[in-house]
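As structure tokens, the structure follows; a few thoughts come after it.
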Amino acid sequence: MRRHRQSMWSNSVLSIGMAVICGGAAMVLSVALLSALSFYIIGSIQFIGFFAMLSIVVGGFVAGYIYGKFRRRQGLIGGGICGALLFAAIIIAGIFIFGSPGDIRKLLLLSIAGIAGGVTGVNSKRPKGLTD
């Protein structure tokens with residue numbers, strides 16, 4: 001008799017961890033691309049605050065979307081948790097790099113973006129090859 005191997009996405013802790021890692025990677029990539037756009041194309045740093053907030057929103061949305069797409073349930077709660085964990089990672093990195101924690105507005109932005117991504121991911125098409 002064959003044994004049924006469960007997907008990584010059936011475990012909520014692993015799925016949140018993987019979604020937060022992917023969201024963090026998307027945030028770092030977005031920061032790099034928007035910084036290059038600001039420096040090379042625009043030639044000014046007047047939009048750097050907007051670009052920083054935009055990359056935070058992108059990271060939160062991607063984390064929530066990946067969680068919702070592969071978990072297929074509780075996108076609202078899971079997206080909010082992914083956003084909060086990304087905020088915790090930003091706080092920890094801010095303390096180590098700059099010596100002070102970041103702004104609390106980032107928690108609101110990450111939570112709302114994570115919730116929107118989680119709901120969008122749950123309502124999207126089911127991925128092929130998902131075993132659960």
Side-chain angles (χ1 to χ4, degrees):
M1 182 178 266
R2 289 176 33 186
R3 292 171 43 169
H4 177 70
R5 191 180 121 215
Q6 288 187 342
S7 172
M8 176 192 73
W9 301 104
S10 62
N11 186 353
S12 63
V13 175
L14 286 176
S15 60
I16 286 175
M18 184 58 97
V20 167
I21 289 171
C22 291
M27 190 183 318
V28 169
L29 183 66
S30 177
V31 165
L33 289 176
L34 290 174
S35 296
L37 173 84
S38 177
F39 184 73
Y40 292 115
I41 306 289
I42 297 174
S44 174
I45 60 168
Q46 66 184 3
F47 297 114
I48 204 73
F50 173 73
F51 287 161
M53 291 299 165
L54 182 65
S55 56
I56 285 174
V57 169
V58 165
F61 186 83
V62 167
Y65 184 79
I66 288 175
Y67 177 83
K69 178 123 178 134
F70 291 100
R71 184 89 168 135
R72 304 302 299 168
R73 59 185 166 275
Q74 297 178 346
L76 190 78
I77 296 169
I81 291 171
C82 288
L85 288 176
L86 273 173
F87 176 71
I90 288 174
I91 288 291
I92 291 170
I95 289 173
F96 281 131
I97 295 172
F98 300 116
S100 65
D103 195 8
I104 197 73
R105 292 182 299 161
K106 292 177 182 147
L107 175 62
L108 183 63
L109 278 172
L110 281 168
S111 297
I112 290 173
I115 288 169
V119 170
T120 305
V122 167
N123 293 323
S124 66
K125 192 174 177 182
R126 184 174 173 84
K128 292 180 183 180
L130 181 64
T131 57
D132 189 54

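- Taking every heavy atom of both residues into account, S15 and Y67 meet most closely at OG-CE1, 3.5 Å.
- At least one donor-acceptor pair closer than 3.5 Å links the side chain of K69 to the backbone N or O of K125.
- Taken from NZ in K106 to CE in M53, the straight-line distance is 5.5 Å, to the nearest 0.5 Å.
- Summarising the geometry, atom CG belonging to L34 is positioned 8.5 Å from atom CZ belonging to F50; distances are rounded to the nearest 0.5 Å.
- Shortest non-hydrogen contact noted between I45 and S38 is CA-OG, 4.0 Å.
- Contact check for I16 versus V20: side-chain heavy atoms found under the 4.5 Å cut-off.
- A continuous path of Ile, Leu, Val, Met, Phe, Trp and Tyr side chains, each step under 4.5 Å between heavy atoms, connects V57 with I90, placing both in one hydrophobic cluster.
- Taking the side chain as every heavy atom from C-beta outward, Y65 and S124 approach each other to under 4.5 Å.
- By the criterion of side-chain heavy atoms lying less than 4.5 angstrom apart, applied directly or through intervening Ile, Leu, Val, Met, Phe, Trp or Tyr residues, I48 is not grouped with M27; the two fall into different hydrophobic clusters.
- Put simply, the side chain of Q74 does not reach to within 4.5 Å of the side chain of I81, judged on heavy atoms.
- Of the possible donor and acceptor atoms, one in the side chain of S55 sits under 3.5 Å from a partner among the backbone N and O of F51.
- Side chain of S100 to main chain of I95: no donor-acceptor pair is present (N/O by atom type, distance under 3.5 Å, no hydrogens or angles).
- The shortest heavy-atom contact between F87 and I104 is CZ-CD1, 4.2 Å.
- With rounding to the nearest 0.5 angstrom, the CD1 atom of I21 is 11.0 Å from the CG atom of L85.
- With rounding to the nearest 0.5 angstrom, the OG atom of S30 is 13.0 Å from the CZ atom of F61.
- Shortest non-hydrogen contact noted between C82 and G64 is CB-N, 4.5 Å.
- By the criterion of side-chain heavy atoms lying less than 4.5 angstrom apart, applied directly or through intervening Ile, Leu, Val, Met, Phe, Trp or Tyr residues, L54 is not grouped with I56; the two fall into different hydrophobic clusters.
- For the atom pair CD1 (I91) and CG (D103), the distance works out to 8.5 Å, reported to the nearest 0.5 Å.
- Hydrophobic clustering of Ile, Leu, Val, Met, Phe, Trp and Tyr side chains at less than 4.5 Å, counting indirect connections, keeps V122 apart from I115.
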